[in-house]
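Letters A, B, ... mirror the listed sequences (proteins, then strands); counts begin at 1.
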2 protein chains.
Amino acid sequence: MSTSPAPARRARRYDPGRRDRLVATTLDVIAENGVAAATHRAIARAADVPLGSLTYHFGSLTELLAAAFTRHVDTVAARFDQRMRAAPDRVAALEALVEHLTGDLLGSQRDLVLAIELYVAAARDPALRAVTQDWMSRSRRSLEHHLDPVTAREVDALVEGLVLHSALSTDPMDAVQIRSALHRLAG
Amino acid sequence: MSTSPAPARRARRYDPGRRDRLVATTLDVIAENGVAAATHRAIARAADVPLGSLTYHFGSLTELLAAAFTRHVDTVAARFDQRMRAAPDRVAALEALVEHLTGDLLGSQRDLVLAIELYVAAARDPALRAVTQDWMSRSRRSLEHHLDPVTAREVDALVEGLVLHSALSTDPMDAVQIRSALHRLAG
DNA sequence: ACCCCATGTGTACGGTTGTTCCTATGAGGT
DNA sequence: ACCTCATAGGAACAACCGTACACATGGGGT
């Protein structure tokens, strides 16, 4: 009778790096079910931590969401900048962009969803808009390695539109169409 | 003592067209505070009707939101198609598009917000995605009056990106830049 | 004139949310 | 060995939500 008195007592203790893990889990939850479903409880469940742990590590839910999106933007922006920087010339840069779009972005449903969800969050919460703007400016700066500022801006807008279309449309553009559009705009 | 027994009793009765008014009010609330804030109670307050009236006229909140977005998309799509159809040739169509963007869309914060909020709603609710897709296909068909299908599609994506940028960015593109980008893509 | 039912109205319910708060615990400095 | 405080843990709260429902009311067909 007294062998197991506590009903599945949580033994977890001393969990360094939990803060980081919470940020990562938050991204997973957003990618899986959207920002709207990224509640304290859903994240706590996914990370297998008690509810109170969230508000201990992050002052508010918005703060946690901002941390998560910031991490994601950092990852994607760094990868993108590296690709653009690695291209030897304008033509190679455009091809790298096509690859980035068709391979990484439109290929992985996860990144696509996260992009849209960031727009959603930014549209709703001014505190998160800073993250979106950071993403947009970094994206533009990466493009400017091989494109003049004006063209970079136009290409950036087109890319944003392509992502949106791909996420919400039933028949997204394929690589050939995307390459053609980019070359027409920047070629 | 008995002169005013009921505390501000609502005298309203017999309100034909209330259903339509609810749809219009819903759009106002969305434009003002976003889909996230478009709750039964907020809409009821804005339309000055009791809470129960909403669920009487619309089976669910999603149904009401869909009706509102549908009305908005109908309005904008009709206006846009008329503009495109009225243009005598390709060049005039592009100029009309510039006007549509700079004048109507980017000019009125309301339409801009509603566009974004529709994306938001569509991203979250599958039932609303049909409205977004309807908008996208109608928009493309309007462009096809003077543009070949491939170009129309590319322009459509660019326009969507421009709208997104304008809504979320701090320094949106001006008419000159937009015209230049469109001509490079479709000129 | 009368009745019916579409419409209007107010309230209540069950559920979920963000956040607060109190208590427990053990790793690290002394 | 001991004390301390950053962290872990769980319960509670007030606010809000969508929806259901019971009841009033009067316009329009008869």
How many whole angstroms separate atom [atom1] of [X] from atom [atom2] of [N]?
| X | N | atom1 | atom2 | value |
| --- | --- | --- | --- | --- |
| E63(A) | dG18(C) | CD | P | 14 Å |
| L65(A) | dG18(C) | CG | C1' | 12 Å |
| F58(A) | dT7(D) | CZ | C1' | 14 Å |
| D15(A) | dT25(C) | CG | C1' | 14 Å |
| R21(A) | dT7(D) | CZ | P | 15 Å |
| L22(B) | dG8(C) | CG | C1' | 12 Å |
| N33(A) | dT16(C) | CG | P | 15 Å |

Margin query: Looking at T55(B), is its backbone amide N or carbonyl O close enough to the side chain of H40(B) to form a donor-acceptor pair, meaning the two atoms are under 3.5 Å apart?
Written below: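 No; zero donor-acceptor contacts below 3.5 Å.
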Note to self: Tell me whether R129(A) contacts the main-chain N or O of A122(A) through its side chain, where contact means a donor paired with an acceptor under 3.5 Å.
What the structure shows: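 Flag set: sc R129(A) to bb A122(A) pair under 3.5 Å.
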Notebook entry, point to check: At under 4.0 Å between heavy atoms, what does L54(B) touch on the DNA or RNA strands: base, sugar-phosphate, or nothing?
Noted result: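 The answer is nothing, as L54(B) stays clear of every strand by at least 4.0 Å.
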Considering just the side-chain nitrogens and oxygens of [X], establish if one lies under 4.0 Å of OP1 or OP2 belonging to [N].
| X | N | result |
| --- | --- | --- |
| R19(B) | dG8(C) | no |
| Y14(A) | dG26(C) | no |
| H57(B) | dG8(C) | yes |

Next item on the list: State which of dG8(C), dG9(D), dT19(D) makes the closest approach to the side chain of S60(B).
Entry: dT19(D)
Checklist line | Residue T55(A), side-chain heavy atoms: nucleotide from dT20(C), dG8(C), dT11(C) that is nearest | finding: dT20(C)
Checklist line | Interface residues of residues 34-46 of chain B with DNA chain C (non-hydrogen, below 4.0 angstrom) | finding: R41(B)
Check: Of G59(A) and G52(B), whose nearest nucleotide on DNA chain C comes first from the 5' end?
Finding: G52(B)
Next item on the list: Indicate whether the side chain of R85(B) and that of S142(B) have a donor and an acceptor atom separated by less than 3.5 Å.
Entry: no
Item checked: Electrostatic pair R138(A):D134(A) at N-O distance under 4.0 angstrom ->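 Between D134(A) and R138(A) there is a salt bridge, with a charged N closer than 4.0 Å to a carboxylate O.
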Notebook entry, point to check: Charged N to carboxylate O under 4.0 angstrom, R141(A) versus D81(A)?
Noted result: no
Note to self: On DNA chain D, compare the nucleotides closest to Y56(A) and L51(A); which residue's is nearer the 5' end?
What the structure shows: Y56(A)
Margin query: Could you see if I43(B) belongs to whatever hydrophobic cluster contains Y56(B)? Use Ile, Leu, Val, Met, Phe, Trp, Tyr and a side-chain cutoff under 4.5 Å.
Written below: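 Unlinked, I43(B) and Y56(B) end up in two clusters.
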Margin query: For residues 176-187 of chain A, which residue pairs pass the side-chain hydrogen bond (donor to acceptor under 3.5 Å, both in side chains) check, not counting sequence neighbours?
Written below: E95(A)-R179(A), S180(A)-E154(B), R184(A)-T151(B), R184(A)-E154(B)
